[in-house]
Amino acid sequence: QVQLVESGGGLVQAGGSLRLSCAASARTFSSYDMGWFRQAPGKEREFVAAISRSGGSTRYAGSVKGRFTISRDNAKNTVYLQMSSLKPEDTAVYYCAATRLFGSISTRFYDYWGQGTQVTVSS
């Protein structure tokens, strides 16, 4: 079983930075492509970023491109989301997820999900 636990969320001022972490319990972590999604109250869960199993390929939503960076450390079974130039619109619960199909921006292709971490950006 794959257990994903997000951490690093919190309150930050607009323009600030925050780094989220997602720790995976699976010993086969490197066999999964990973993604970050977010969901604000009353809105659908949306794609944020994805990274291939080796870390060599990444993909971003247009709304975060240039501001967010996804990375992973397979030796630590961890994926990260470095968020910079944060905006109030980035406020949401952020979730990490695992899939064997890299490039997907749809939630339905992800097999495992973390419980989420709250990110709040104040103006």
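Because the structure is predicted, anything quoted here is derived from the model rather than measured.
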Note to self: Treating Thr78 as the side-chain partner and Lys76 as the backbone partner, does any N or O pair qualify as donor plus acceptor under 3.5 Å?
What the structure shows: yes

Checklist line | Sidechain-backbone polar pair: Arg72 side chain, Ser52 backbone, donor-acceptor under 3.5 Å | finding: yes

Margin query: Using a 3.5 Å distance criterion without hydrogens, assess whether the side chain of Tyr60 forms a donor-acceptor pair with backbone atoms of Ile70.
Written below: yes

Could you tabulate the donor-acceptor pairs under 3.5 Å formed by side-chain atoms of residues 33-43, not counting sequence neighbours?
residue	atom	partner	partner atom	Å
Asp33	OD1	Arg53	N	2.7
Asp33	OD1	Arg53	NE	3.3
Asp33	OD2	Arg53	NH2	3.1
Asp33	OD2	Phe102	N	2.8
Trp36	NE1	Tyr80	O	3.4
Arg38	NE	Glu46	OE2	2.8
Arg38	NH1	Asp90	OD1	2.9
Arg38	NH1	Tyr94	OH	2.9
Arg38	NH2	Glu46	OE2	3.3
Gln39	OE1	Arg45	NE	3.3
Gln39	OE1	Arg45	NH2	3.3
Gln39	NE2	Lys43	O	3.0

Check: How many angstroms lie between CG in Asp73 and OG in Ser71, if you round to the nearest 0.5 Å?
Finding: 8.5 Å

Next item on the list: Kindly determine whether Arg19 and Leu81 satisfy side chain to side chain contact (heavy atoms under 4.5 Å, CB included), including the steps that lead there.
Entry: CA-CA 6 Å; Arg19 188 175 79 157; Leu81 184 67; over 6 Å; no

Next item on the list: Drop me the distance from Cys96's SG to Glu6's CD, to the nearest 0.5 angstrom.
Entry: 4.0 Å

Next item on the list: Please name the pair of heavy atoms, one in Thr91 and one in Val121, separated by the smallest distance, quoted to 0.1 Å.
Entry: OG1-N, 2.9 Å

Item checked: Joint cluster assignment, Leu4 & Val79, ILVMFWY side-chain distance < 4.5 Å -> yes

Checklist line | Reported OH-to-CZ distance for the pair Tyr32 and Arg100, which is rounded to 0.5 angstrom | finding: 4.0 Å

Next item on the list: Examine Val93 and Val119 and state if one hydrophobic cluster contains both, with Ile, Leu, Val, Met, Phe, Trp and Tyr joined whenever side-chain heavy atoms are less than 4.5 Å apart.
Entry: no

Checklist line | hydrophobic_cluster_shared for Tyr95 and Val2, side chain cutoff 4.5 Å | finding: no

Checklist line | Gap separating the CZ atom of Phe68 from the CG atom of Leu18, nearest 0.5 angstrom | finding: 9.0 Å

Next item on the list: Mind jotting down which residue pairs meet the side-chain hydrogen bond (donor to acceptor under 3.5 Å, both in side chains) criterion with at least one end in residues 109-122? Sequence neighbours excluded, please.
Entry: Gln118-Thr120

Notebook entry, point to check: Got Ile105 and Arg59 here, is their nearest side-chain heavy-atom distance under 4.5 Å?
Noted result: yes

Next item on the list: Could you name each residue pair satisfying disulfide (SG to SG under 2.5 Å) that touches residues 46-83, not counting sequence neighbours?
Entry: none

Note to self: Please find the pair of heavy atoms, one from Ser17 and one from Ser85, that lie closest to each other, and give the distance.
What the structure shows: OG-N, 4.4 Å

